[in-house]
Colleague: 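Sharing a structure below in structure tokens format, with a few things to ask.
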Protein chains: 2
Amino acid sequence: MTLSFVPLDWSPISEKTKRCEICNRVAFGKHYGALSCYACKMFYRRVVVKKLSYKCRGFNECSRSPKRLLKCQACRYQKCQDKGMYMEPLEDDEVKSEEASDDGILELTSPNQKIEKLSILLKNLNIMDKKRHAKLKSFYSLNDESLETILMHPGVVRNTKKDPDHQVTPEEWAFLALYSHITYFHNFEFIRELGMDDKKKIFQYNTLKLTYFCGLMRTLNEKRMRMLNPGGQEIYPDDLIDLYRTNPHNLARICCQPVNRLIELKVTNEEYCLMNIIFFCNPAIPDISDEARLILSRHQGIYSNALFQYCELTNQQNAPTRMTDLIWLYEYITKNSQEMETLFMIFHCNAPHFKFRKLIRDTFHF
Amino acid sequence: MTLSFVPLDWSPISEKTKRCEICNRVAFGKHYGALSCYACKMFYRRVVVKKLSYKCRGFNECSRSPKRLLKCQACRYQKCQDKGMYMEPLEDDEVKSEEASDDGILELTSPNQKIEKLSILLKNLNIMDKKRHAKLKSFYSLNDESLETILMHPGVVRNTKKDPDHQVTPEEWAFLALYSHITYFHNFEFIRELGMDDKKKIFQYNTLKLTYFCGLMRTLNEKRMRMLNPGGQEIYPDDLIDLYRTNPHNLARICCQPVNRLIELKVTNEEYCLMNIIFFCNPAIPDISDEARLILSRHQGIYSNALFQYCELTNQQNAPTRMTDLIWLYEYITKNSQEMETLFMIFHCNAPHFKFRKLIRDTFHF
DNA sequence: CCGGGTCATAGGTCAC
DNA sequence: GTGACCTATGACCCG
Ligand SMILES: [Zn+2]
Ligand SMILES: [Zn+2]
Ligand SMILES: [Zn+2]
Ligand SMILES: [Zn+2]
């Protein structure tokens, strides 16, 4: 807000109100020894604390006109001193020790900086997610590589021109969705720190769950109550539906129950992106190396922190509750993806003629 | 302006002038029981009158340097107390309104009141847990009621005098541990709000997992690396160990892997008590009614809030990370208790002559 | 002497 | 960077 009520000229009008000795605007008291306005107070403070120094681009006479004075930091600072302002320049070691302790567990970043960091993180995650989504929509492939091969040579899966008459089957959609998630998570820097063995186990453990999670979110965003695949059909192959036709309840529950919870919680896309990587960084994955566990645990911590911050910002009332509600979604996801695995496994045993691609077998744990 | 005539260093110069016991600046007399300067006097007064509470952003050692001490309110207050300051916390009617507003989740309570509430909650949970523990140690029973019967008539399981020569078997310990957890959770008020059907499903789902969790914590507290039963023997019946003698790895992992994680995290008993009930209030339990889910979800929220507060108080660096690490323990618990169920199930099929009590069959989901 | 209280102002935040 | 505004601090006063 501009101070319309603060004339910038020198005329010493309205004797009552005190005026800044430096710039003649209204003052509310002494600061650092001189009667001064908030602005001059803060200006002086910043100069001393940050040990700044300026040089006048005129002839050190800017103090003659108040307007010019405010433009020339050298003359302004000079006038502050002339009018008796003084402040202890805080000692070097103090500044340093403060900065040094920063990197440790960096708690000393100001709230604003933290928010800035968070929004950058969210923006990046959002961009990655959008790319994944775009790829899923535009990509089509007939490749049939195992999870291991894909992880070792991420480029092997080639985009193939799709016959426009060809209706993408549920099994193909599953493949594309799984694959798009593998590339998505593969983009995170820390993945490179992992050994191949760990990487394989981690992706084997996570890919189906988080692809399923993505499907649930898609359903929420499309305001449907039942999950369909990106093409808008049932996620299950027809033959599988047929096998369970006498008891479709289980198939339906997988597509509906967790969606309800997402709707209840009104999960935002930012929350989804953070949870996605938090869930990915599951340090409880069996049989991975201690190094891998540490890396996952550390990153789970980092993203949890961000999620909590986000909850605090958007969910003033009760951030911890919100946080637990969100984290607990993992329960719904694991429950139902396990169920799905079982149903597919039984189908696979009953219909061995039905050919699933390797990636599906690997991630569904056949 | 800083008091230039008041040196801030510790050197006890100029013997004549009295110095503040807290910050070493000049003091003019005693205040609230300690020789102190005006500043420390007023600081202490404000904290007590306004019931403020602070937490150190360092490691509760700021009192080592006088400059840091003045910046850290937590350490400053601590030092005031250490040097003998005391002041009656005035008791107006405000204190009473606190208890009335207890059940809501409202946020308007002051930091100090919140901490008070939290410590009451923790004390209560701790007492309940201690009782459960005492019961487990002293109780013995030959009853064989189903989970449903126990839930309907909690009194049916009678304490029986045990033949002092009788060595309690692993199977009996399992029964006693499971039973003690059922009575433990049955003591929570909100359980009464649940219908019988829901209650049964909830206990069926939770009892083994949380009894297992308790066993893991017992192992942590006894500083062992491998879970044994409360009697100090293997948790598995001998016959079961025999069945898996060629591959004892799975049996061992259940007893060890999650213990490692508990040790890593140095889980406190307060955290355990809160997690215990948070995990119990799992709204993702399949097939329970919407009312039950709501009740569980609400209570999970309440206790999550408390856990987060606790993490904030004890884990300055990074409460959200701590919180996620703790909540994520549920992953370890479910993973391993499922594995345990499977191992018992297979054993049950292989050795139908081995009679498990009804409660064990119900909670292990035979 | 010491408890209770006041108020100018230092230090910091954040929208601009 | 700037400056309006907020909260914690502590010198001082009164009974
Ligand atoms: Zn000014
Ligand atoms: Zn100038
Ligand atoms: Zn002092
Ligand atoms: Zn401190």
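Only this structure's heavy atoms are used, side chains among them; waters, hydrogens and symmetry mates stay out. Letters A, B, ... are given to chains in the order of the sequence lines, protein chains preceding strands, and every chain is numbered from 1.
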Colleague: Going through the distances and angles, do Tyr44(A) and Ser36(A) end up as a side chain to side chain donor-acceptor pair (under 3.5 Å)?
Modeller: CA-CA 10 Å; Tyr44(A) 185 75; Ser36(A) 51; over 6 Å; no
Colleague: Going by side-chain hydrogen bond (donor to acceptor under 3.5 Å, both in side chains), name the residues that satisfy it together with Gln300(A), two or more places apart in sequence or in a different chain.
Modeller: none
Colleague: Using a strict threshold of under 4.0 Å (side-chain N to carboxylate O), is an ion pair present between Asp129(A) and Arg132(A)?
Modeller: yes
Colleague: Rounded to the nearest Å, what distance is computed from the CE atom of residue Met87(B) to the C1' atom of nucleotide dG5(C)?
Modeller: 11 Å
Colleague: Using the six-membered ring wherever Trp is involved, compare the ring planes of Phe43(A) and Tyr77(A) and label them parallel, tilted or perpendicular (cut-offs 30° and 60°).
Modeller: perpendicular
Colleague: Classify the side-chain pair Asn305(B)/Gln309(B) by whether it contains a donor and acceptor separated by less than 3.5 Å.
Modeller: no
Colleague: What is the distance, rounded to the nearest whole Å, between atom CG of Leu70(A) and atom P of dA4(D)?
Modeller: 11 Å
Colleague: With the criterion being N/O to N/O and under 3.5 Å, what pairs connect the protein with nucleotides 13-15 of chain D, and how long is each?
Modeller:
none

Colleague: Round to a whole Å and report the spacing from NZ of Lys71(B) to C1' of dT9(D).
Modeller: 14 Å
Colleague: Do the side-chain N or O atoms of Arg45(A) get closer than 4.0 angstrom to the phosphate oxygens (OP1, OP2) of dG11(C)?
Modeller: yes
Colleague: Give the rounded distance in Å between these two atoms: NZ of Lys51(B) and C1' of dA8(D).
Modeller: 20 Å
Colleague: Hey, is Glu21(A) close enough to Lys79(A) for a salt bridge, meaning N to O under 4.0 Å?
Modeller: no
Colleague: Between N or O atoms, less than 3.5 Å apart, protein on one side and nucleotides 6-8 of chain C on the other: list the pairs.
Modeller:
none

Colleague: Could you check whether any side-chain heavy atom of Leu307(A) comes within less than 4.5 Å of a side-chain heavy atom of Arg322(A), counting everything from C-beta outward?
Modeller: no
Colleague: Over how many whole Å does the gap from Phe43(B) atom CZ to dG3(C) atom P extend?
Modeller: 17 Å
Colleague: Rounding to a whole Å, what distance do you find between Leu52(A):CG and dT2(D):C1'?
Modeller: 13 Å
Colleague: Atom CZ of Phe28(A) to atom P of dT9(C): distance rounded to whole Å?
Modeller: 13 Å
Colleague: Reading DNA chain C from 5' onward, which residue's closest nucleotide shows up sooner: Gly33(A) or His31(B)?
Modeller: His31(B)
Colleague: Indicate whether OP1 or OP2 belonging to dG10(D) is found under 4.0 Å from a side-chain N or O atom of Arg76(B).
Modeller: yes
Colleague: Do Pro283(A) and Leu294(A) touch side chain to side chain, with heavy atoms closer than 4.5 Å?
Modeller: no
Colleague: Taking ring pair (Phe, Tyr, Trp, His ring centres under 6.0 Å) as the criterion, tell me which of Phe185(A), Tyr184(A), Phe188(A), Tyr303(A) meets it with Phe280(A).
Modeller: Phe185(A)
Colleague: Once you round it to whole Å, what is the distance between C1' of dT9(C) and OH of Tyr44(A)?
Modeller: 15 Å
